[in-house]
Amino acid sequence: MPTVPSDFLEWSRSRQSLVEVRLQELLPSAEIAPTRLHAAMRYAVLGGGKRVRPLLTCASGELADAALERTLIAGASVELIHAYSLVHDDLPCMDDDVLRRGKPTCHVEYDEATALLVGDALQSLAFQVLADYRLSDDSAVQIEMIRLLAGAAGSRGMAGGQAIDLDAVGKQLSVPELEFMHIHKTGAIIRAALQLGVRCGRRLGETDRERIDHFAKCIGLAFQVVDDVLDADSTTATLGKTAGKDARSDKPTYVSTLGLGPAKALAMELRADAMQAIAPFGKRALRLGQLADFIVMREF
Ligand code: GRG
């Protein structure tokens, strides 16, 4: 099992705190009307979460020599979409959960209608951010970034994956069916995080982009496999969200389909495939490789 090196901890902590500051600045102040909605938006986004997606945006941006500031803003826009998805996912009409990031879910702390609006407003804010800031010297590339994130969040991406997930409750899915669901539900936004980072920088050749995209697909899926393993194999206190939820909700997962051991082995296989895809970049892909390790080794 690979270990997380200390220079990666330093790199990731510095980016996490920089993203945190950008998110604080991008979110409307809780003193501006409507104050309750703005307070709830800040509650849902700030002070929690691993910020894996912005870290991926920073790492892929580094590979394309992107300015850090651009990747922080692009990463923050992806995190806003992610935060919206968590708020909506926790609602009683979806996963019906009471704990997220170690605190009461948004609809428990506020109310259901507010949580619904928080998700709506965070999604709009993500695209406003992508349109407001100059993230590429080429405005066509910037429009492409907006299109990529919209596609990843929509019915052909995350929202579609969530629809398949809701429909799968009580059913047994085959591994290809599970893969299809998670490539959409979890993988699409992770892939977009990497695509946006690359587009903040200089134009990479087609082969290099494909390498990064293959890496993105592998770690997007690995992320979900590990999420399923942790749900089955960890505690609520460690996760900061309700553990054992998938089995109790009768949801098909990699653990229910393959078993715990083979699911862990699959995560390692996906990591190896991801590493192979970025090997030709050598040291330039150091942070991407370390993030892949972090994703498969994380405990929460
Ligand atoms: C409601 C349209 C809509 C979509 C919801 C992402 C999602 C789709 C649901 C979340 C449910 C879930 C547990 C998905 C598994 C993978 C995942 C996204 C886990 C949470 O992401 P982390 O671990 O969370 O990055 P933090 O809190 O660290 O940001």
Side-chain angles (χ1 to χ4, degrees), residues 12 16 19-20 23 43-57 75-76 78-97 99-107 112 115-120 122-123 126 149-169 178-179 181-193 219-232 234 236 238-249 251-255 263 267 291 294-300:
S12 56
Q16 280 162 336
V19 168
E20 202 66 25
L23 288 167
Y43 177 84
V45 176
L46 299 175
K50 297 176 288 297
R51 312 301 191 204
V52 167
R53 293 151 193 83
L55 289 178
L56 288 166
T57 307
V78 178
E79 187 68 15
L80 291 170
I81 293 286
H82 171 59
Y84 124 67
S85 80
L86 298 180
V87 170
H88 279 191
D89 184 63
D90 290 332
L91 283 168
C93 63
M94 297 222 189
D95 228 20
D96 192 10
D97 220 323
L99 193 67
R100 171 71 64 185
R101 294 176 167 173
K103 52 186 192 180
T105 46
C106 191
H107 67 275
E112 270 182 59
L116 193 70
L117 291 171
V118 163
D120 295 340
L122 291 178
Q123 174 158 218
L149 190 61
S155 64
R156 311 275 307 265
M158 179 182 72
Q162 179 77 346
I164 301 169
D165 181 288
L166 293 171
D167 200 44
V169 174
L178 264 182
E179 196 173 304
M181 173 166 87
H182 292 308
I183 282 172
H184 291 80
K185 188 179 109 172
T186 313
I189 293 294
I190 289 181
R191 190 174 167 205
I219 58 152
L221 208 50
F223 191 95
Q224 181 64 50
V225 177
V226 173
D227 202 73
D228 287 357
V229 166
L230 291 174
D231 184 74
S234 191
T236 299
T238 308
L239 295 180
K241 62 179 181 180
T242 317
K245 191 85 199 295
D246 294 334
R248 278 198 300 284
S249 319
K251 273 190 171 187
T253 67
Y254 281 99
V255 174
L291 278 165
F294 172 74
I295 284 169
V296 295
M297 289 188 304
R298 74 200 153 96
E299 289 175 351
F300 60 98

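Everything numeric here is computed off the predicted structure, so don't read it as measured data. Both counts, for ligands and for their atoms, begin at 1 and track the order of listing.
For V52, the closest heavy-atom approach to ligand 1 does not fall below 4.0 Å. Proximity of H182 to ligand 1 is not established, as no heavy-atom distance is less than 4.0 Å. Using a 4.0 Å cutoff on heavy atoms, Y84 counts as a contact of ligand 1. Residue contacts with ligand 1 include R53, since one or more of its heavy atoms lies under 4.0 Å from the ligand.
Counting heavy atoms closer than 4.0 Å to ligand 1, residue K50 contributes atoms from both its backbone and its side chain.
When only non-hydrogen protein atoms are considered, atom 16 (C) of ligand 1 lies nearest to Q224 OE1, 3.5 Å. Remark: minimum distance from atom 17 (C) of ligand 1 to any protein heavy atom is reached at F223 CE2, 3.9 Å. At the top of the distance list for atom 12 (C) of ligand 1, counting protein heavy atoms only, stands K185 NZ, 4.1 Å. Of the protein's heavy atoms, S85 OG, 3.4 Å lies nearest to atom 6 (C) of ligand 1. With hydrogens left out, the protein atom closest to atom 8 (C) of ligand 1 is Q162 OE1, 3.4 Å, a heavy atom.
Considering D90, D95, D227, D231 as possible partners of K241, the one that fulfils the salt bridge (charged side-chain N to carboxylate O under 4.0 Å, His left out) test is D227.
R53 places no side-chain N or O within donor-acceptor distance of the main-chain N or O of L80, the cut-off being under 3.5 Å.
Between F300 and F294, the angle of the ring planes goes over 60°, which puts this pair in the perpendicular group of the 30/60° scheme.
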